[in-house]
Amino acid sequence: MKNYPSRILLAGGAALAIASASVAQSNAPARAAGDETILLSEFTVKESSATGYVASESITGTRVATQIKDLPFAVSVVTSEFMKDFDFFDIASDLVYVANLNGVDTQGNSNLRGYGATFYLRNGFYRLGLVDRVNTDRIEVIKGPNAAIYGATSPAGLINIVTKRPRFGVTSEQLTLTAGSHDMMRGEINVNTPLGSLGKVQFAQLFSANAQNADSETPFATTKNRLIDENILAKFPDGSTLNFEIEWSARKGVPATSTLPFQYNSATRTYSSILRRDLAHVSQGGPDAVANRELTSAYLTYDKRWNRVWSTHAGAYGYARHAFNFNNGSNDQFDPVTGRFGRGNVIVDPLNEDGGAGQIDTLADYEWMNGALKNKTLLTVDYSQNWRYREQRSPNTRVYSISGILLANPDYALPPRSAFNIITRRDKVRWDTRGFFLRQQTTALDGRLIGFAGLRRDLVTYNFLFGDQYNRAGGALSSRGAVAHYTDSAWSPNIGVNYKVTRQVAVYASHSTSFSPAGQVAKLNDPHLENETSVGWDYGVKTSLLDDRLVFTLGGFYIDRNGVKATQRDPVTGLNETVAAGKQLTKGFEFEGAWRATDRLTLMASYGYVNAKILYNGNAVTDIGRMPAGLPIDQGSVEWRWQLVKGLSWNAGVIYNGVAWPNSTATDARREVKAPSYYLVNTGLTYAWSQRDALFRHAIRVSAKNLLDREYLTSRGELGAERGVFVAYTLSH
């Protein structure tokens, strides 16, 4: 680890200046949180448990704040305090503590229960990566097709990033500076300030920001993350609230080579089963590769409880996302005879996306039969529009020769950027979604029986403008452009029940469906395909024992996925055609639990097993019976937080990841190569100085990821990160 005292002081001075300015501008004195009564909305989740690790409520699973123990399906929650104690510097790579969740990346992709998803949610709205813990209150994961309450989705479920909101009656500032392995430098700040009143309307604001730089074990590879978020909350005399948030975030850097190479014979063009771990961190892309992302988004949310029965939640957002990739070549081929890596397609790849959405939730909370039946009826109406423009360009391969990378003497020279003028892809896509969702919840038998039923309707209209495409060898026209327009529709019902056998033990079961329009993966010359659909079951037991100090969920799931995009040969014409005929099946079980053993010791555990199989994939007959690529058979974790003495706490976690096949659907020797199971140990010690009536509070934290420095392969076949050691200092007011 390097010595960075001057940079730490500079970052700290700048952040403290921002905090001081915010405090100076405040007209309201500091007050305790309990000094003011705030009317909680049905759409607002209350504070979590005393430990900060165990959340008791979720809003993602039903769109209405609901006790997790009352839901008829599984929802996992990761709190902000857990993210801080377990060093979630990059949320995408750290979400390994949720059962059967893996493969999360910075682009919004994830793998849940054996199926992939291509986007997150942020406060219930579409999101493509670029999230950070600094302005995140919690992460809620709704599992299975029940996620279709938000419209088109993966059968796996959805990740919803729930952000922090300003608080009234509290003036607080918190600055955290972190330094660690691979020249990692991070500064983050939160400033919550009551802004006083205008007329009878109260205002509060929350400012959040972070800056993080980190290098990599791969030469040249580096990332720089930045985020600035301003959140203003207005509270009206009738208790209703209006929240406005604007966020800017960016991720820029030179990407590390993500593919671990296989030994390859370039003369016969065949792979062996020899995986070259020793070449995991050789830079194939060089210093000129680029992977940049920038996102600006704005959110407006209104909550109103009209009376004891009716409540409204209305939200709108807009976003503009710009991405730029300069793929400087990365390949999983290494020929030991020539000592050369293969080279992927070297392309310039800009991608621009923007859009917005609006939604209105109307909730009726009422009783029948003198309170014997308690009902909640929810109607949601929403509309969204998204645009995507992508253009990929390459140089003329007849003029410019781009050879593979020679290991002994790498040459990263490439044609000038102006030579990348042959358009190999140009897509302009717009899709509009109109939907509504109706959900009924009825509670009977003095709260012991809770029944749920819901129905979602979606109309998704796609407009495609595919431009002409040209081949790299000379730039001749390879595919004539086309225009396509069509609308997909779907009904997505779900039903479930939660029955408390005793006051502490409940059994649950649910049945749900979901859909994904084929237009999400459409390319030039693809025909219009029917929706991909899925049908799933969730069932299990939820407990809340020892006065809610011991809680856990043990459940199983079964999901059929149909209409997956596939290529198959027409038996009459002998020609290949793209069809929606693929079939997959996944089933398994999950356990997630927490035990607050004492006021000072909290233990948590999770375990998930998944048996996912490809049942049909068109011409790829060798895929039948195989697990999807990069999917671990099982995974688990055990974590704890122990306050050893006043001010000193120790947290630690053991993560287990089961066997996976990174290239399970390959048709060569790579298909049988395993990523073996492994476990990692993460730990940290935090000491906080506690001084009565002190103006500032101080804390220092020392932590380690992969404490035992184990070498391991991820489920995707990449060499995992070595041990990382970090030191953090927090100043609070």
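The structure displayed is predicted, hence computed values, not measured ones.
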Closest non-hydrogen atom pair, P155 against Y115 = CG-CD1, 3.3 Å

Taking the side chain as C-beta and beyond, is there a heavy-atom pair between L713 and L719 under 4.5 Å?
-> yes

Does one side chain, of N525 or R480, offer a donor that lies under 3.5 Å from an acceptor on the other?
-> no

Quick one: closest heavy-atom pair of T176 and A728, and the distance?
-> CG2-CB, 4.3 Å

Test log, rule side chain to side chain donor-acceptor pair (under 3.5 Å), inputs D137 and T163 = CA-CA 5 Å; D137 178 66; T163 55; over 6 Å; no

What closest approach, in Å, do S273 and V673 show between heavy atoms, and which atom pair accounts for it?
-> O-CG2, 3.6 Å

Residue pairs involving residues 394-410 (criterion side chain to side chain donor-acceptor pair (under 3.5 Å); sequence neighbours excluded) | S394-R472

Gap separating the CG atom of D623 from the OG atom of S664, nearest 0.5 angstrom | 7.5 Å

Minimal heavy-atom distance between V346 and P395, with the atoms involved, is O-CD, 3.8 Å

Can you tell me which residue pairs pass the salt bridge (charged side-chain N to carboxylate O under 4.0 Å, His left out) test with a partner in residues 116-128, sequence neighbours excluded?
-> R122-D229, R122-E245, R122-E247, R127-E247

Do E294 and W248 have side-chain N/O donor and acceptor atoms under 3.5 Å apart?
-> yes

Taking atom types as modelled and ignoring hydrogens, do the side chains of E353 and H322 form a donor-acceptor contact shorter than 3.5 angstrom?
-> no

Can you tell me if D215 and T222 form a side-chain donor-acceptor pair at under 3.5 Å?
-> yes

Sequence neighbours excluded, which residues qualify as salt bridge (Lys or Arg N to Asp or Glu O under 4.0 Å) partners of D432?
-> R430

Locate the shortest heavy-atom distance separating A721 from Y712; write the atom from each residue and the value.
-> N-OH, 3.3 Å

May I ask you to check whether Y319 and Y317 place their ring centres under 6.0 Å from each other?
-> yes

Which pair of non-hydrogen atoms, one from L631 and one from M627, has the smallest distance, and what is that distance?
-> CD2-CE, 3.5 Å

Got a salt bridge between D668 and R269, using NZ or NE/NH1/NH2 to carboxylate O under 4.0 Å?
-> no

Cut-off 3.5 Å, side chains only: do T60 and E140 have a donor facing an acceptor?
-> yes

Before accepting this row, confirm whether a basic side-chain N of the pair E711/R277 lies closer than 4.0 Å to the acidic partner's carboxylate O.
-> yes

Judged by modelled atom types alone, do T270 and N265 share a side-chain donor-acceptor pair under 3.5 Å?
-> no

Cationic tip of R276 above F341 ring, under 6.0 Å, 45° of axis | no

By ring-ring contact (aromatic ring centres under 6.0 Å, His included), Y126 pairs with (sequence neighbours left out) F119

Tell me, do D87 and K705 make a side-chain contact under 4.5 Å, heavy atoms counted?
-> yes

Going by the salt bridge (charged side-chain N to carboxylate O under 4.0 Å, His left out) test, which pairs reach into residues 330-339, not counting sequence neighbours?
-> D332-R670

Non-neighbouring partners of N663 that pass side chain to side chain donor-acceptor pair (under 3.5 Å), sequence neighbours left out = none

